[in-house]
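To keep things clear, I will list the structure first and then write my remarks on it.
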Amino acid sequence: MSQPKEIGTLVVVVLKARHLHQPSFYKQDPYAQVILCGQTKKTKVTPKGGQHPEWDDEFRFPVYAEPGKDRQNRVLEVSCYKQEAKAEDVLLGKGTVDIEETLKSGEFDDWVQLETSAGARGEVYLEMTFYANSPPPPTRRPSKLTPDRLAKPVSHY
């Protein structure tokens, strides 16, 4: 079986969250988790971050062109968890982003809605930038100036 072709790198910055579900009275220690193409990466834990933690963590994911699997490889999954000292971490919410438009435009920055089976559970702010391995297509229109547009004006004296 052939190796899938890498078409570029997606840089994901998990900045912050707001209005996270807080299942207990005490301030929680939240962290975020990002999954793309089977690769999982986690932010640092924000001690006492509560409902509005800030992370500003950057992750890099290779993006592959795999015929037949492109649809499933174009969904970025982001989750927030509450870290527990003596038990399994508690899921606060989960959301998904279709990165297909980001691969075309090159940029994304917006709030991503988090949900559980109980409904909406806050939002996470993501910034994404896609760097393609191939040069971008020429989209510039031709200049209306003559080719020597940087030349100094001719003096008529």
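When reading the values below, keep in mind they use all heavy atoms of this one structure, side chains included, and skip hydrogens, waters and symmetry mates.
Distance check, rounded to the nearest 0.5 Å: CE of Met128 to CG of Leu10 gives 6.0 Å. Remark: Asp56 CG to Thr43 OG1 distance equals 11.0 Å, nearest 0.5 Å. Here the CG-NZ distance, from Asp57 to Lys44, works out to 3.5 Å after rounding to the nearest 0.5 Å.
Side-chain contact between Trp55 and Pro30: present, with at least one pair of heavy atoms (C-beta onward) separated by less than 4.5 Å. Phe59 is not listed as a side-chain neighbour of Leu36, based on a closest heavy-atom distance of 4.5 Å or more. Between Gln33 and Tyr81 there is a side-chain heavy-atom pair separated by less than 4.5 Å.
When all heavy atoms of Gly50 and Leu20 are compared, the closest pair comes out as O-CD1, 4.3 Å. Asp89 and Gln83 get closest at one heavy-atom pair: OD1-CA, 3.6 Å. Heavy-atom minimum distance, Leu91 versus Ser79: CD1-CB, 4.1 Å. Pairing each heavy atom of Gln39 with each of Phe61, the nearest pair is O-CE2, 3.7 Å. Here the closest non-hydrogen pair linking Cys80 and Val124 is SG-CG2, 3.4 Å. Smallest separation of non-hydrogen atoms from Gly122 and Gln113: O-NE2, 3.5 Å.
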*Going through the distances and angles, do Ile7 and Phe130 end up as a side-chain contact (heavy atoms from CB on, under 4.5 Å)?*
CA-CA 10 Å; Ile7 60 171; Phe130 177 67; 4.3 Å; yes
*asked:* Please evaluate residues Glu58 and Val11 with respect to the criterion side-chain contact (heavy atoms from CB on, under 4.5 Å), reporting the C-alpha separation (whole Å), side-chain torsions for both, the decisive distance (0.1 Å), and the verdict.
replied: CA-CA 7 Å; Glu58 178 182 300; Val11 178; 3.6 Å; yes
_Between Val63 and Arg74, is the side-chain contact (heavy atoms from CB on, under 4.5 Å) condition met? List the steps._
CA-CA 9 Å; Val63 179; Arg74 300 296 186 256; 3.6 Å; yes
_Apply side-chain contact (heavy atoms from CB on, under 4.5 Å) to residues Val78 and Leu114 and explain how you reach the verdict._
CA-CA 8 Å; Val78 61; Leu114 300 177; 4.2 Å; yes
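More than 12 heavy atoms of other residues, nucleotides or ligands lie within 6.0 Å of NZ in Lys41, so this atom counts as buried by the packing criterion. Residue-environment remark: NZ (Lys94) stays at or below the threshold of 12 foreign heavy atoms within 6.0 Å.
Here the rule is side-chain contact (heavy atoms from CB on, under 4.5 Å) with Leu92, and of Arg121, Gln22, Gln28 only Gln28 fits it. Of the residues listed (Thr102, Asp110, Asp109, Val112), the one engaging Leu126 in a side-chain contact (heavy atoms from CB on, under 4.5 Å) is Val112, and it is the only one.
No chain of hydrophobic side-chain contacts below 4.5 Å, direct or via other Ile, Leu, Val, Met, Phe, Trp or Tyr residues, connects Ile35 to Ile99.
In this structure, the side chain of Asp29 engages the main chain of Lys48 through a donor-acceptor pair within 3.5 Å.
Classification of the His19-His52 ring pair by plane angle, with boundaries at 30° and 60°, yields perpendicular.
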